[in-house]
Amino acid sequence: MNKKNNPVINTDKCKGCELCVSECPVEIIAISDEINIMGYHPAYITDSTKCTGCIKCAISCPDAVITVYREE
Amino acid sequence: MITGKILYKRPKTLKDVNMSYCPGCSHSLMNKILCEIIDEFDIQKKTVVIAPVGCAVLLYDYIDCDSVEAAHGRAPAIATGIKRVNPDNIVISYQGDGDLLSIGMAETIHTANRGENITVVFMNNAVYGMTGGQMAPTTLVGQITKTTPSGRNPENEGYPIRACELINTLEAPYFIARCKVTNSKSIMQTKKILKKAIGYQINKKGYSFIEILSNCPTNWGMKPKDSNKWIQEVMSKYYPVKIFRDKGEA
Ligand SMILES: Cc1ncc(C[n+]2csc(CCOP(=O)(O)OP(=O)(O)O)c2C)c(N)n1
Ligand code: SF4
Ligand code: SF4
Ligand code: SF4
């Protein structure tokens, strides 16, 4: 069975720069219509079941607000 | 509560604060990469980062290491002093293009020429970011800035300076490279190169100069993604991404 990956975005600290969006090979990152505490539209995960755990989103996030977990 | 193995998390040396850089700015990214390398070498307690005058002026609020805020352009001189007094400190001079190539040109060249055992991280974003986007020594020919509203004209403002190429004319430097951080792949390559440079310093090999082609989405008037595309398609044509010298591999 495939292990489950879990990408988590700290939406309070996301600046909505969108750099993670185009990095995700399975296109599961989108920009929210909501506005966070800093006034930005934060990124969110649309379907974490598809995440491959490649961490490309986390590597490219300038503000280091993405953590990626793998279920053990 | 989310549990499991952590595949990626924020480096511990990067303080849990909001960095004041604009969304998508390469400064944020490189502050983070620097912290990842400091963690991986486990050198947080002996690293001293010299902050420049420019957008990275508040670096010491983000990177949890000893640091000194240098007068404009003088970071490599401060770095020299610290390194000579305490050679076991890992000393990193972090500077923008206005800081490093305008007001700090003398310090830049002479520090490189002496081959001080420090690591210079040169953030080349082709403008003065902090002061609102004026022309820098690295502004491209034809590039529109606040002080070159019709585009940089070499007859009036001279040609853009290629820092790696200039430093590559000196005998002493040990490692000289130009990198980019436009996507996850190039970020990983850049991290490898900067880690090598800091490794050389740890092993007392000598001076490294690592230039990062950086974006300034705010003053370029572009979305972060488009600014990275501009680096890829325009900036890196004039400033080739490559390793200019690596005495460790020679
Ligand atoms: C002695 C002195 N001269 C001028 C300034 C104004 N000043 C502040 S930042 C800066 C240039 C910043 O540009 P750069 O080094 O490219 O860094 P960036 O902000 O783009 O990261 C200048 C000229 C100053 N603070 N001190
Ligand atoms: S870890 Fe990879 S697959 Fe998962 S969200 Fe990030 S970029 Fe997408
Ligand atoms: S890269 Fe980071 S800061 Fe930018 S939108 Fe994605 S999560 Fe937010
Ligand atoms: S002004 Fe430019 S260099 Fe400065 S933080 Fe904003 S995007 Fe980055």
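These numbers were taken from a predicted model, which means no experiment stands behind them.
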Side chain, backbone, both or neither: which part of [X] has a non-hydrogen atom closer than 4.5 Å to chain B?
X	value
A/Asp63	both
A/Val8	side chain
A/Asn10	neither

Between [X] (side chain) and [Y] (backbone), is there a donor-acceptor pair under 3.5 Å?
X	Y	value
B/Lys9	A/Ile66	no
A/Lys56	B/Lys185	no
A/Glu23	B/Ser184	yes

Return the [atom1] to [atom2] distance between [X] and [Y], rounded to the nearest 0.5 Å.
X	Y	atom1	atom2	result
B/Tyr8	A/Cys54	OH	SG	13.0 Å
B/Asn183	A/Leu19	CG	CG	10.0 Å
A/Cys51	B/Leu7	SG	CG	8.0 Å

So A/Ile59 and B/Lys191, side chain to side chain contact (heavy atoms under 4.5 Å, CB included) or not? Walk me through it. CA-CA 10 Å; A/Ile59 291 168; B/Lys191 181 177 169 186; over 6 Å; no
Over 12 foreign heavy atoms within 6.0 Å of [atom1], [X]:
X	atom1	result
B/Lys15	NZ	yes
B/Glu40	CD	yes
A/Met38	CE	yes
B/Lys195	NZ	yes
B/Lys229	NZ	no

Of all heavy-atom pairs between B/Gly4 and A/Tyr69, which one has the smallest distance, and what is that distance? O-CD2, 4.3 Å
Considering non-hydrogen atoms only, spot the tightest contact between B/Leu14 and A/Ala64 and give its length. CD2-CB, 3.9 Å
For B/Ile6 and A/Val68, what are the C-alpha separation, side-chain angles and deciding distance, and is it a side chain to side chain contact (heavy atoms under 4.5 Å, CB included)? CA-CA 6 Å; B/Ile6 291 168; A/Val68 185; over 6 Å; no
For the side chain to side chain contact (heavy atoms under 4.5 Å, CB included) test, which of B/Cys25, B/Pro23, B/Pro217, B/Ser28 pairs with A/Cys17? B/Pro23
Out of the candidates B/Leu29, B/Ile33, B/Val181, B/Asn215, only one should pair with A/Pro62 under the side chain to side chain contact (heavy atoms under 4.5 Å, CB included) rule; please name it.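 Testing each of B/Leu29, B/Ile33, B/Val181, B/Asn215 against A/Pro62, the sole residue satisfying side chain to side chain contact (heavy atoms under 4.5 Å, CB included) is B/Leu29.
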Contacting region of B/Asn31 [heavy-atom separation from chain A under 4.5 Å]: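 Answer is neither: B/Asn31 stays 4.5 Å or more from chain A.
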Set out, in order, the CA-CA distance, both residues' side-chain angles and the distance that settles side chain to side chain contact (heavy atoms under 4.5 Å, CB included) for B/Lys225 and A/Glu18, then state yes or no. CA-CA 7 Å; B/Lys225 195 181 164 195; A/Glu18 304 183 19; 6.0 Å; no
Intermediate values then yes/no, side chain to side chain contact (heavy atoms under 4.5 Å, CB included), B/Arg10 and A/Thr67: CA-CA 7 Å; B/Arg10 189 181 175 88; A/Thr67 313; 6.0 Å; no
Basic-acidic side-chain contact under 4.0 Å: A/Lys13, B/Asp16: yes
